[in-house]
Asker: 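Sharing a structure, written as structure tokens. Questions coming.
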Amino acid sequence: MNTAVSQKAFEEAQSLIPGGVDSPVRAFKSVGGTPIFITEGKGAYLKDVDGNEYVDYVQSWGPLLFGHRDETIEAAVIEAVKHGLSFGAPTLSETELAKLVVNFFDSIDKIRFVSSGTEAVMSAIRMARGFTGRDDIVKFTGCYHGHSDALLVEAGSGAATFGNPSSPGVPADFTKHTLLAEYNNIESVKKCFADSDNIACVIIEPIAGNMGLVPADKEFLHELRTLCDAHGTLLIFDEVMSGFRASVNGAESLVGVVPDIVTLGKVIGGGMPVGAFGARAEIMNVLSPDGPVYQAGTLSGNPVAMAAGHAALTKLKQNARVIAVLNERANRLVNGMKDAAAKYGIAMQVDTRGSMFGFFFNENEVKNFKDATTSDAELFAKFHAGMLDEGYYFACSQYETGFISTAVTDVMIEDTIAASERVFKAITNG
């Protein structure tokens, strides 16, 4: 496949933009090669600057549940743009989208919109601290909650410890209140509570999508809920990625655990930049202007983003079975690839949650980030490059999740499986 124009574009971008990209994972560092520069998307397909087409299993990292340029969402955006791009003032569209989201989630009475998932999580944690009057937070190694300072933390030597910054530019003082626990390990969380009696909240991706797809065990989440209740600590479900992707009612409906606060993004923007956080009224009422916890944003509740999100969620509400249909296709995809890999002696671990899917080249089940790091990254890079040559666009890191959209047909699934078999054959013979 010829990607000469992408290569030239990347060289030019690197002279003007750090690393040539505006988000690090796009640089293909973990898989090698040159990132593909995209000119357009339509339905299930992407087209690059060289004219190559790819079946897209990234879907802008999740928000495009109905594929690229869905007619309903596109029409809503165009109509909104006709009335103005931004007002910095209240609009009816904010309330209408809020109604939709609140009706989907039992745990949410009120919601506030922001411009990104990072902003949603940062604000939710500030609200939790203000509500409880406590400073410490607990997060899990391998869960990504955006790039705010307090959450850019790597694990220490213990199972649970106060964290150290994992990025230069983040002062240690900013992370000294962040404790780390191991995903799916309740004993590590108990150690956090033993280390601190000042924990405001525990934040977790109930369906982790940033260490690959690694869902939390139901029993673990139930124990986590009990532990938080016993200590007067708020439980935050970060569903920026999984919200309306794994289920129309959030992870809480899948596992039977009701969080205190939920963060959302991706699908609720229909492809436009957006994030949100919501909770029961008692918690949300601490936010300014009702309460003392300050949070603001000029572009929060942007009318174009609200229109796109309203169109996407309305379409989902009218076709609630879509998640089950996409889950069936996702299962067929990953299990088909797993069978194809097995023909050539390659072990794969696969999983799905709704329209999300993930796979690891690993002999053993992956339950946490430590397990994920034992996967064969070199094999993943070869597989990624091979599938790209075949015309299939997968996430360019083994620690990212894949997504099925309604535009992906049964025929595309079967063709993808067949292509994966050709790639596995080439890898093992090569």
Side-chain angles (χ1 to χ4, degrees), residues 22-23 25-26 35-48 53-78 80-81 97 100-101 104 115-117 120 207 209-210 213 239-248 250 264-276 302 304-330 333 352-358 388 391-397 400-410 412-413 416:
D22 283 310
S23 188
V25 72
R26 300 176 193 172
I36 304 303
F37 278 61
I38 304 302
T39 57
E40 64 176 304
K42 180 63 177 176
Y45 290 96
L46 290 174
K47 181 180 285 188
D48 69 17
E53 283 194 340
Y54 310 86
V55 175
D56 182 15
Y57 287 111
V58 178
Q59 293 293 318
S60 190
W61 306 98
L64 307 179
L65 183 64
F66 299 102
H68 296 276
R69 291 174 57 193
D70 173 79
E71 291 182 357
T72 303
I73 298 170
E74 189 175 74
V77 168
I78 292 171
V81 167
L97 182 54
L100 270 177
V101 177
F104 275 115
S115 297
S116 69
I207 301 168
N210 290 284
L213 183 67
E239 296 217 58
V240 168
M241 185 177 287
S242 61
F244 300 106
R245 269 292 183 178
S247 158
V248 295
L264 296 165
K266 308 293 186 188
V267 176
I268 67 167
M272 296 294 293
V274 73
N302 174 269
V304 182
M306 296 297 97
H310 190 272
L313 292 191
T314 298
K315 190 166 185 171
L316 181 59
K317 184 178 181 180
Q318 293 168 347
N319 188 15
R321 267 194 48 78
V322 70
I323 299 297
V325 171
L326 293 180
N327 184 246
E328 189 278 330
R329 289 179 186 164
L333 173 67
T352 68
R353 286 297 184 277
S355 59
M356 306 168 68
F357 68 87
L388 206 59
Y392 298 91
Y393 192 81
F394 283 87
C396 50
S397 168
E400 296 290 348
T401 295
F403 299 94
I404 301 283
S405 75
T406 58
V408 173
T409 66
D410 291 332
M412 290 177 186
I413 296 292
T416 307

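Please read all numbers here as calculations on a predicted model, not as lab measurements.
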Asker: To the nearest 0.5 Å, tell me how far Thr352 OG1 sits from Leu326 CG.
Answerer: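 Reported value, rounded in 0.5 Å steps: 11.0 Å.
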Asker: Contact between Ile268 and Leu313 at the side-chain level, heavy atoms closer than 4.5 Å - yes or no?
Answerer: yes
Asker: Could you pull out the closest heavy-atom pair between Trp61 and Cys396, with the gap in Å?
Answerer: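 In this case the closest contact between Trp61 and Cys396 is CH2-N, 4.1 Å.
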Asker: Without swapping roles, check the side chain of Arg245 against the backbone of Val240 for a donor-acceptor pair under 3.5 Å.
Answerer: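 Absent.
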Asker: Just wondering, are more than 12 heavy atoms of other shown residues or ligands nearer than 6.0 Å to NZ in Lys317?
Answerer: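 No, the 6.0 Å shell around NZ holds no more than 12 heavy atoms from other groups.
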Asker: Output, in order, the C-alpha distance, side-chain angles, deciding distance and verdict of side-chain contact (heavy atoms from CB on, under 4.5 Å) for Leu65 and Gln59.
Answerer: CA-CA 8 Å; Leu65 183 64; Gln59 293 293 318; over 6 Å; no
Asker: Determine the minimum heavy-atom distance between Ala312 and Ile73, stating which atoms define it.
Answerer: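 Closest heavy-atom pair between Ala312 and Ile73: CB-CD1, 3.8 Å.
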Asker: I'd like to know if the side chain of Arg329 reaches the main chain of Val408, judged simply by a donor and an acceptor atom lying under 3.5 Å from each other, with no hydrogens or angles considered.
Answerer: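 At least one qualifying donor-acceptor pair exists.
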Asker: Could you report the tightest heavy-atom contact between Tyr57 and Met412, atom names first, then the distance?
Answerer: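 Here Tyr57 and Met412 meet closest at OH-O, 3.8 Å.
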Asker: So does Ala44 get a backbone contact from the side chain of Ser405, meaning a donor-acceptor N/O pair under 3.5 Å?
Answerer: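 Checking the backbone N and O of Ala44 against the side chain of Ser405, no donor-acceptor pair under 3.5 Å is found.
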Asker: For the OG atom of Ser242 and the NZ atom of Lys266, what is their distance to the nearest 0.5 Å?
Answerer: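 It is 11.0 Å, given to the nearest 0.5 Å.
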Asker: Just verifying a value: how many Å separate Asp48 CG and Glu53 CD, rounded to the nearest 0.5 Å?
Answerer: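 Rounded to the nearest 0.5 Å, the CG-CD separation comes out at 9.5 Å.
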Asker: At what distance, to the nearest 0.5 angstrom, does CD1 of Ile404 lie from CD1 of Ile323?
Answerer: 11.5 Å
Asker: I need the minimum non-hydrogen distance between Ala276 and Ala120, along with the two atoms involved.
Answerer: O-CB, 3.4 Å
Asker: Looking only at non-hydrogen atoms, find the nearest pair between Ala330 and Gly354 and report the distance.
Answerer: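 Closest heavy-atom pair between Ala330 and Gly354: CB-O, 4.0 Å.
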Asker: Quick one: do Tyr54 and Ile36 satisfy side-chain contact (heavy atoms from CB on, under 4.5 Å)? Show the steps, please.
Answerer: CA-CA 10 Å; Tyr54 310 86; Ile36 304 303; 3.8 Å; yes
Asker: Report the distance from atom OH of Tyr393 to atom CG of Asp56, rounding to the nearest 0.5 Å.
Answerer: 7.5 Å
Asker: Measure the CZ-NZ distance between Arg69 and Lys42 for me, rounded to the nearest 0.5 Å.
Answerer: 4.5 Å
Asker: Nearest heavy-atom pair of Val58 and Phe403: which atoms, and what distance?
Answerer: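 Looking at all heavy atoms of both residues, the closest pair is O-CD1, 3.3 Å.
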Asker: Can you name the side-chain hydrogen bond (donor to acceptor under 3.5 Å, both in side chains) partners of Lys315, sequence neighbours left out?
Answerer: Asp70
Asker: Under the side-chain contact (heavy atoms from CB on, under 4.5 Å) criterion, do Glu400 and Asn210 qualify, and how do the steps go?
Answerer: CA-CA 5 Å; Glu400 296 290 348; Asn210 290 284; 3.6 Å; yes
